[in-house]
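To keep things clear, I will list the structure first and then write my remarks on it.
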Amino acid sequence: YAGYAHAGAYPLIVTALLAGAYVLVTFDETQRQYQTPAALVLVVLWVLQNIFLVVSSIDRTVMYIGIYSLTYLRIAALIWMGLVAAGLAFITLRILLRFSNRWLINMNARVLVTTLYLCCFVNFDRMIADYNVRHANEVTGQGVWLDLNYLANLGPEAIPALRWFGENAHPASPTRPAAIATADKLQNQLLTADWRVWTFRR
């Protein structure tokens with residue numbers, strides 16, 4: 001499963017760089033002799049093919065998450081693939097609407113900065129913990145078992161998810177009491193911590 005997911009992700013780096021570099025060089029305002037109608041059609045088809053590869057890689061990653069649970073790295077991979085898809089879409093618009101290379105670079109920079117800014121307001125720790133406990137084998141009867149060590153490393157944001165798991169996991173599961181103990185440990189650490197380390201979420 002890991003090889004299947006990675007096989008679609010890594011080539012995206014090469015294809016995105018090739019598409020971007022080719023458009024910046026051959027579709028520059030000073031290179032009108034290369035911008036024939038046939039070249040326009042072929043490049044647009046090539047970029048659309050790359051967008052299809054991105055969508056395929058996102059689908060592979062989502063299936064991978066469904067089997068092996070959610071992590072920071074897998075969220076980062078999905079965000080990165082989304083940025084690649086946006087960049088390829090901007091390349092298509094730049095060709096069809098004859099925008100400048102400056103426009104293409106600026107649009108990609110704006111999307112990147114906006115994405116980074118919005119990620120500051122997303123509680124990824126809570127998101128990961130909630131997803132993993134609700135899709136754990138102890139709750140659904142399929143998939144992987146809950147990785148308590150990973151959830152403990154997420155910190156106090158995982159406490160609500162661990163409490164939910166303690167109430168909804170299969171009663172005979174050995175992970176259930178361990179999850180409750182982990183939640184108690186995290187809560188004690190939070191309550192005994194110096195007030196100067198408190199944040200909005202902690």
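The basis for the numbers below is simple: all heavy atoms, side chains too, and nothing from hydrogens, waters or symmetry mates.
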How about [X] and [Y]: do any of their side-chain heavy atoms sit closer than 4.5 Å?
{"X": "Arg98", "Y": "Leu40", "result": "yes"}
{"X": "Leu93", "Y": "Leu104", "result": "no"}
{"X": "Ile91", "Y": "Asn50", "result": "no"}

Determine the minimum heavy-atom distance between [X] and [Y], stating which atoms define it.
{"X": "Cys119", "Y": "Ile79", "value": "SG-CD1, 3.9 Å"}
{"X": "Arg74", "Y": "Thr61", "value": "O-CG2, 4.4 Å"}
{"X": "Ala161", "Y": "Asp130", "value": "CB-OD1, 3.4 Å"}
{"X": "Asp125", "Y": "Tyr72", "value": "OD1-OH, 2.6 Å"}
{"X": "Pro171", "Y": "Arg176", "value": "CA-CD, 4.1 Å"}

Should [X] and [Y] be regarded as members of a common hydrophobic cluster, given that ILVMFWY residues are connected when their side-chain heavy atoms come within less than 4.5 Å of each other, either directly or indirectly?
{"X": "Ile95", "Y": "Leu48", "answer": "yes"}
{"X": "Leu96", "Y": "Phe90", "answer": "yes"}
{"X": "Trp80", "Y": "Phe52", "answer": "no"}
{"X": "Leu42", "Y": "Leu97", "answer": "no"}
{"X": "Val43", "Y": "Val41", "answer": "no"}

I'd like a table of donor-acceptor pairs (distance under 3.5 Å, sequence neighbours excluded) in which one partner is a side-chain atom from residues 63-70, with atom names and distances.
none

>> For a side-chain contact (heavy atoms from CB on, under 4.5 Å) check, start with the C-alpha distance between Val44 and Val47, then their side-chain angles and the critical distance, and finish with the verdict.
In response: CA-CA 5 Å; Val44 169; Val47 174; 5.8 Å; no

> Under the side-chain contact (heavy atoms from CB on, under 4.5 Å) criterion, do Asp184 and Ile180 qualify, and how do the steps go?
Replying inline: CA-CA 6 Å; Asp184 292 338; Ile180 297 174; 3.9 Å; yes

Checking [X] side chain against [Y] main chain: does a donor-acceptor pair fall under 3.5 Å?
{"X": "Thr182", "Y": "Ala178", "result": "yes"}
{"X": "Asn137", "Y": "Gly143", "result": "yes"}
{"X": "Thr115", "Y": "Val111", "result": "yes"}

Could you tell me the separation between the [atom1] atom of [X] and the [atom2] atom of [Y], rounded to the nearest 0.5 Å?
{"X": "Leu146", "Y": "Phe165", "atom1": "CG", "atom2": "CZ", "value": "4.5 Å"}
{"X": "Ile128", "Y": "Asp147", "atom1": "CD1", "atom2": "CG", "value": "11.5 Å"}
{"X": "Met81", "Y": "Arg60", "atom1": "CE", "atom2": "CZ", "value": "9.5 Å"}
{"X": "Asn132", "Y": "Leu154", "atom1": "CG", "atom2": "CG", "value": "8.0 Å"}
{"X": "Gln187", "Y": "Leu191", "atom1": "CD", "atom2": "CG", "value": "5.5 Å"}
{"X": "Leu151", "Y": "Leu186", "atom1": "CG", "atom2": "CG", "value": "9.0 Å"}

> Judged by modelled atom types alone, do Arg134 and Asn168 share a side-chain donor-acceptor pair under 3.5 Å?
Replying inline: no

> Does the pair Met127 and Ile75 meet the rule for a side-chain contact (heavy atoms from CB on, under 4.5 Å), with working shown?
Replying inline: CA-CA 10 Å; Met127 179 191 302; Ile75 289 178; 4.1 Å; yes

>> Tell me whether the rings of His135 and Tyr131 are parallel (<30°), tilted (30 to 60°) or perpendicular (>60°).
In response: parallel

